[in-house]
Amino acid sequence: MEYNFRTIEQKWQQYWGETNAYKVSNNSPRPKYYVLDMFPYPSGAGLHVGHPLGYIASDIFARFKRLKGYNVLHPMGYDAFGLPAEQYAIEHGVHPAESTKKNIENFRKQLDKIGFSFDWSREVNTSDPQYYKWTQWIFLQLFKSWYNRENDKAESIDTLVAIFEKDGNQSVNYYDAALFSADEWNTFSEKEQQDILMQYRLCYCGYGEVNWCEALGTVLANDEVVNGVSERGGYPVVKRKLRQWYLRITEYADRLLRGLDNVDFSDAMKDMQSNWIGKSYGAEIDFAIRSDKFATIEDEQRRKLKVYTTRPDTIYGVDFMVVAPEHELIDLLTTDEQREAVDEYLAYVKSRSERERMAEKKITGVFTGGYAINPFNNRHIPVWISEYVLAGYGTGAIMAVPCGDERDFKFAKHFDIPITNIIGEHFNGEEANPTKDAMLTNSDFLDGMLMRDAMKVVMDDLEGYGKGKRKVNYKMRDAAFSRQRYWGEPFPIIWKDGIAYPLDESELPLELPYVEKYGPGPEGEGPLANVKEWSLIPSPSPQVEKGALGAANVPKYSVYTPAQYELAKQMRKEHTEAEEILWQALRNNQLGVKFRRQHPIDAFIVDFVALQNKLVVEVDGGYHETEEQKLYDENRTKVLNEIGFTVIRFTNEEILHNLDASLNIIKEAINLEVAPNPLSTRGEGQGVRETNTMPGYAGSSWYFLRYMDPHDDAIFCSREASDYWNQVDLYIGGTEHAVGHLLYSRMWTKFLYDLDYIGFDEPYRRLLNQGMIQGSSRFVYRFEPLEISVNTSSPIFISHGLYEQWKEGNLSTPTILDLLNEIIPNYCNKENYSKAKILISKLHVDVNIVDGVELDIEAFKKWRNGEYANAEFILEDGKYICGIEVEKMSKSKFNTVNPDDLVNKYGADTFRMYEMFLGPVEQSKPWDTKGIEGVHRFLKKLWRLFFDELKGKVWNEEKATSQELKVLHKAIQKIEADTERFSFNTAVSAFMVCVNELSDLKCQKREILEPLLILLTPYAPHIAEELWKQLSNQSSVLDASYPKLEEKYLIESTKEYPVSINGKMRTSVVLPADVEQEQAVEAVMNNEVVQKWTVGKQVKKFIFVKNKMVNVVV
RNA sequence: GCCCGGAUGGCGGAAUUGGUAGACGCGCCAGACUCAAAAUCUGGUUCUCGCAAGGGAGUGCAGGUUCGAUUCCUGUUCCGGGCACCA
């Protein structure tokens, strides 16, 4: 009987399925253990061998714990919302729900073949309304909560309202809101009250910058933006402020930091998270600024440049200031001479993504022309703008101390800014020195003080004189929680008159409407904004009928017809007096904003427009008094509003007689900076649904809880279930989730804990990071056709070794041409040899048709539908050898290996063990199918301990010898310990060693083999179950109990000690196990080899480490 | 740029707390079985000098600490992951 893995694996997978072998109960007398894999996104490309790595590891551990007597929860599900499905829908017209469903089916099929012990009755899918009902529900709880810093926890917003009603906001003035009293609160309108509350909510609405691509009409992810243009199509991308939802994760910053002390994550992971949170202690310092634009002293007093610094001790070393390009004071600081340079620089920055800005090595910046005043010595300090200062961090402005900060130093050098040395000899003029231990110089009253000590002195001084204050700062920002996309959870929010009203919980789930088109909505809103019958509540929508206006069907303001353009040009010449006066006041950026006049927008040509601010200004003549014209104006305004423009209308009279007042109105509109919430102007008093959707991490922030109680209709997870399963005991996934998913889910857990829905505030007790499996790409080398060669349809490929020789110049052109002529007669005439210019291109070839490095030429000819059917090859040693490079595993590089193929060829058990055998699970490594044979051989060798091809069953009931027991218990010891510490690769080796040794001993005894099968069950469950049943066991091996290590079988009476002379291994001596130093000295010194090395030399030292080694120093 | 990893034979890797560098597997070489091949089995395999015995070198690179360093420290190079709208 031979090892027929296909039959065996199919048989037991079916058996385990039918017997519900993996179904887990929430009631068990056994201790619980929760093993979780990071939520997979079911991509259309299916599984490649990199995906199951973590799942196999977790499966081994889950099965191991089960054998150890635990009730183990090991679930699987799908993070099914996401961009790729939506992108696929846009490109192929397949609804994301459909493609996702298909992908999941495919995923499941692939997973099933590998023999995982998932309890599929607990499967979850984030895009299932029964699941996202609870994602929406948790969002509502976040929306209805605020963070009470006094109690250091989230509370219902009602407690905040109670505080406002009683005392106003004096005690809870967190987010730079204006102060108000209880009386004032009570007289506020509902809108005013709700606007204030919105600022406090844990999920709140604000404005944030996004990558906006006008041509695609959509917001792009950072990695969809390459060099300032969209990845798809290469269209320009700019920053644009859009209304966004935010998660107030910053309130949890400190708890997220402290919580790291109570979890078992790697130090690297903890470092990454705490660096991300970025807690720092420092000071905020106010610098007065000089500007001739200040009308009064009060103005000057009011508008200070606030910086955040962790080094207030260096205050006398400040040689310049740098503000972020988005800083609000730039306009004020910029002098007329510098205006042009500043504008140019800001335009440049606007085209760059945040990532590019941070990654840029090149130093860029521009001087504003303005100065700030050092509050300590009244020194005038030039203010610069540079992209390396980010608006979101600190105050968006820094005081630069070039002698102490490397980046400041480089900036000063680059722009020739003189450097003040405040650390004396510690600064060498060549590079900055960030020391805190130098004695201060050039620092007035701080001179001679240690920098460390000066920090406190400066901060006390700042606070004493009201020039600044101590401040704890976090690098972490609130997390953007909305996406302008279709394929995500809809927000259970209805806007009415600019107020966000939550849906009643009984109305959940708010289902995603089915759509046919996935294009972006107006004004950077999500595609849902196009679904009027869904978003407007109730219908009908007061839509403007375009035909009635004679409007062309022109959707975007940036797109207009040549005819319109000509008309606009004409109209510019025919301006009225009022228009001309206003134009003179608006032109040349006098308000800090660029206006255009007579510019086409949609179907209209408007009088004036500030495109960036989405502001239209119209100046109406007397004829606007007619009824007909009034109606037209009204409709025109409506359409402009619809596409996000604010419209201000003046009469000729107003401009001519009160220009200042008119300008003030325009200024006010500009200061809004962003267009008002489009949802507050649409729908005319009726409700409008929120049309953004939630981000990918919404559903994945709490999924581990749903697995505990996946079918509960009453709550996201019953307290009973979460009390029983509690934290995830082992969480396995990649480091790429270090600061995204892991921080969000930790925050949600803390939030749900604050509201007392669960009893623990850290989701994952222990985290294991799996490495990435990289692809090992193979290359072939193709000649580009020579101009002088005969025309041939045969592409010619050259083997890697020869290609390398050619590349290094060791293979001359004539030699190559000779080779070519050999393959294709008369390929190139000898006379033309000197004119030939050889070009060889390197092409990816499918790794699955390459055996190691040798190309399967026949398979290659059939590859890609016979694209290379008539290819010719220049071989080396009769073979075509491919080049190798390690790259990311991806379809486009033809280096993906499908687990299905390997499972078909070798079986799931072999595949599982091989994935583990490849190396430490935490480490990244390239995939190489080659070695899988060795593991397969091991399983066959194990099989032969039970069955002989000819003799049939060969195991026996004989008593085991002590030598055999030693082999077994050595294996138990090693495999148990290795599994416990996730060193699966060495455990697989230990199995091999054990089976090798048993084979050598010809041991086929049940007493030894049976425990070995249990050891093997987590790794290769199918073969273990088969052999287990063959040994006539009735129950499943899955529920056997793990063999117990008996130390007594391992005791040795002697030990072979390595002997080193001067630390270099020379020989070894066998000594009794309980040997003491004196005996050891004697035995070692009498050793022949030792004597050879020590003869004529004095022994200086004799080092004896019991059970380790001996070292003789001469 | 910043944060976090990694680097050991031809290849994947082992060496758990500073104590015999290269376990186990692949590949390669030789042999057995076979008409032959596959499969299987046996032996060898870091490099280098040497017939051998035996010696020398060796864990990315340059230093340091130590009786002893793949392991600890300093510096450095290269590769991988993350950097807030991929999930």
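Each chain gets a letter, A, B and so on, in the order the sequences are listed, and its residues count up from 1.
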Same-atom distance ([atom1]) from [N] to [M], integer angstrom:
{"N": "G58(B)", "M": "G10(B)", "atom1": "P", "result": "16 Å"}
{"N": "U34(B)", "M": "A21(B)", "atom1": "P", "result": "44 Å"}
{"N": "U8(B)", "M": "U46(B)", "atom1": "C1'", "result": "10 Å"}
{"N": "U16(B)", "M": "G31(B)", "atom1": "C1'", "result": "39 Å"}
{"N": "C26(B)", "M": "G81(B)", "atom1": "P", "result": "30 Å"}
{"N": "G12(B)", "M": "C86(B)", "atom1": "C1'", "result": "30 Å"}

Under 3.5 Å donor-acceptor pair, K974(A) side-chain atoms to U16(B) base atoms: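 Under the 3.5 Å cut-off, the side chain and the base do form a donor-acceptor pair.
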Base of C85(B) paired with side chain of Q484(A) (donor-acceptor, under 3.5 Å):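 Per atom types, the contact qualifies.
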Tell me what [X] touches on the nucleic acid: a base, only sugar-phosphate, or nothing, going by heavy atoms under 4.0 Å.
{"X": "D79(A)", "answer": "sugar-phosphate"}
{"X": "V219(A)", "answer": "base"}
{"X": "S1068(A)", "answer": "nothing"}
{"X": "P926(A)", "answer": "nothing"}
{"X": "Q87(A)", "answer": "nothing"}
{"X": "M476(A)", "answer": "base"}
{"X": "L83(A)", "answer": "sugar-phosphate"}
{"X": "Q774(A)", "answer": "sugar-phosphate"}
{"X": "S482(A)", "answer": "base"}
{"X": "G82(A)", "answer": "sugar-phosphate"}
{"X": "S1060(A)", "answer": "nothing"}
{"X": "N996(A)", "answer": "sugar-phosphate"}
{"X": "K475(A)", "answer": "base"}
{"X": "A268(A)", "answer": "sugar-phosphate"}

Kindly say if [X] contacts the phosphate of [N], meaning a side-chain N or O under 4.0 Å from OP1 or OP2.
{"X": "R981(A)", "N": "U16(B)", "answer": "no"}
{"X": "K1108(A)", "N": "A15(B)", "answer": "no"}
{"X": "R937(A)", "N": "U40(B)", "answer": "yes"}
{"X": "W927(A)", "N": "C11(B)", "answer": "no"}
{"X": "R1066(A)", "N": "G56(B)", "answer": "yes"}
{"X": "N985(A)", "N": "A14(B)", "answer": "yes"}
{"X": "N1107(A)", "N": "G19(B)", "answer": "no"}

Quickly work out the [X] [atom1] to [N] [atom2] distance and round it to whole Å.
{"X": "M1065(A)", "N": "G54(B)", "atom1": "CE", "atom2": "C1'", "value": "14 Å"}
{"X": "N1111(A)", "N": "G18(B)", "atom1": "CG", "atom2": "P", "value": "17 Å"}
{"X": "I1061(A)", "N": "G55(B)", "atom1": "CD1", "atom2": "P", "value": "11 Å"}
{"X": "M38(A)", "N": "G81(B)", "atom1": "CE", "atom2": "P", "value": "17 Å"}
{"X": "E406(A)", "N": "C3(B)", "atom1": "CD", "atom2": "C1'", "value": "18 Å"}
{"X": "D405(A)", "N": "C2(B)", "atom1": "CG", "atom2": "C1'", "value": "12 Å"}
{"X": "L742(A)", "N": "C4(B)", "atom1": "CG", "atom2": "C1'", "value": "14 Å"}
{"X": "E922(A)", "N": "G81(B)", "atom1": "CD", "atom2": "P", "value": "18 Å"}

Between the side chains of [X] and [Y], is a donor N or O closer than 3.5 angstrom to an acceptor N or O?
{"X": "T364(A)", "Y": "E387(A)", "result": "yes"}
{"X": "N1111(A)", "Y": "K1101(A)", "result": "no"}
{"X": "T250(A)", "Y": "D478(A)", "result": "yes"}
{"X": "Q484(A)", "Y": "Q244(A)", "result": "yes"}

Sole residue of Y41(A), F81(A), Y744(A) in ring-ring contact (aromatic ring centres under 6.0 Å, His included) with Y697(A):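 Among Y41(A), F81(A), Y744(A), the one meeting ring-ring contact (aromatic ring centres under 6.0 Å, His included) with Y697(A) is Y744(A).
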Option from F917(A), W943(A), F5(A), F911(A) for which ring-ring contact (aromatic ring centres under 6.0 Å, His included) with H936(A) holds: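 Per the ring-ring contact (aromatic ring centres under 6.0 Å, His included) rule, the option paired with H936(A) is F5(A), out of F917(A), W943(A), F5(A), F911(A).
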Any side-chain heavy-atom pair of V1113(A) and V1099(A) under 4.5 Å: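 V1113(A) vs V1099(A): side chains apart.
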Where the side chain of [X] is concerned, which of [options] is the nearest nucleotide?
{"X": "W1093(A)", "options": "G56(B), C4(B), C11(B)", "answer": "G56(B)"}
{"X": "R485(A)", "options": "C85(B), G19(B), A21(B)", "answer": "C85(B)"}
{"X": "T735(A)", "options": "U20(B), G81(B), G19(B)", "answer": "G81(B)"}

Syn/anti state of G22(B) by chi, 90° boundary around 0: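 Anti for G22(B); the angle lies over 90° from 0.
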Over 12 foreign heavy atoms within 6.0 Å of NZ, K410(A):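 Counting neighbours around NZ of K410(A), 12 or fewer heavy atoms of other residues, nucleotides or ligands fall under 6.0 Å, so no.
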